[in-house]
Engineer: 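Once you've had a glance at the structure underneath, I'll fire off some questions.
All ligand and atom numbering here is 1-based and tracks the order in the structure. Because the structure is a prediction, the values reported are computed rather than measured.
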Amino acid sequence: MSLEQILKHLPFSPDCFEPGHVWLAGAGPGNLGSLTLDVVDAIANADAIVYDALVNADALNAAIDAELHFVGKRGGKVSATQGSINDLLISLARQKKRVLRLKGGDPYVFGRGGEEAMLLAQAGIPFRVLPGITAAFAALASAGIPATMRGTNRAIILATGHAPKSEGDVDWGALARTGQPVIVYMGLTNIAKISDALISGGMPPQTPASVIQSATTPDERILVATAATIAGQAVAEGFSSPALVIYGKIVSFRDELQSIIPIGVTQ
Ligand code: SAH
């Protein structure tokens, strides 16, 4: 059955996107299949879409009559400051447009969605948040690494490897001592420093580790090594952003699963 036919059978009734409202939405990790129905519907009904570099531009094909504002990085350069994005959102909303602020993954996970929601609230602009599949869980699924496994972990830690200087670094030693898997967003630049800090904090150097680049997209690449060797191998093999770094025994289930059956979609 085609998607069109399936949708006709689905009792999905989206909320009304009101003029002058801003919806902060997550476009998921990159593949179109990870878009939620709410987000596709919001793209179709928006008058203005303000989107980041990690949003798959193909998703914008669902837009019917929206003006498009790209505010992501291009060639490593920030094309719009957070201040100018904030001003744009407020001005579009005050023009009584239906404004869709579209971000990669989930807007509330390391995506400044919280800051933008706070700003809109303070400006008296009605907003709502449409969640998206965050990169960590999409990447784990794609790589065949279970996020939780009974007998292996009872928690999972999501951390950023790129905190603003004013906030100081994450206490990697404290995270290591929990014995729970650690997934680092924006961690590739500092991968050597983070791996060292986790190991000096008590993580066994042989702990399985992985780098997953561009998960769910045609550029997806997966590296598996150990906490001690992952940084060197990621550099040697030319891994680049966007990528996640994962430390923990859960990574070993990828090889175990793969030894039984190939992971991923077979054609
Ligand atoms: N809000 C986003 C995260 C934004 S921060 C979310 O919920 O996913 C940007 C970081 O997310 C990147 O540096 C990278 O660490 C991670 N990321 C985003 N998309 C990714 C992908 N497809 N594959 C691997 N990592 C990704």
Engineer: Walk me through it: do Ser84 and Asp87 pass the test side chain to side chain donor-acceptor pair (under 3.5 Å)?
Structural biologist: CA-CA 5 Å; Ser84 64; Asp87 292 345; over 6 Å; no
Engineer: If you count only heavy atoms, which residues are under 4.0 Å from ligand 1?
Structural biologist: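 These residues qualify: Pro29, Leu54, Gly104, Gly105, Asp106, Val109, Phe110, Thr134, Ala135, Tyr185, Met186, Ile212, Ser214, Ala215, Pro242, Ala243, Leu244.
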Engineer: Quick one: does NZ or CZ of Arg101 land under 6.0 Å from the six-membered ring centre of Tyr51, within 45 degrees of the ring axis?
Structural biologist: no
Engineer: Let me know which of Lys96, Gln95, Arg98 forms a side-chain hydrogen bond (donor to acceptor under 3.5 Å, both in side chains) with Asp47.
Structural biologist: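 Single pass found, and it is Arg98.
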Engineer: What do the steps show when you test His21 against Phe127 for side chain to side chain contact (heavy atoms under 4.5 Å, CB included), and what is the final call?
Structural biologist: CA-CA 6 Å; His21 288 205; Phe127 72 92; over 6 Å; no
Engineer: If two hydrophobic side chains count as joined below 4.5 Å and joins carry through other members, does Ile125 share a cluster with Val50?
Structural biologist: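 Yes; Val50 is reachable from Ile125 via cluster members.
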Engineer: Between Tyr185 and Thr134, is a side chain to side chain donor-acceptor pair (under 3.5 Å) present by the stated rule, with each step listed?
Structural biologist: CA-CA 10 Å; Tyr185 286 68; Thr134 192; 2.6 Å; yes
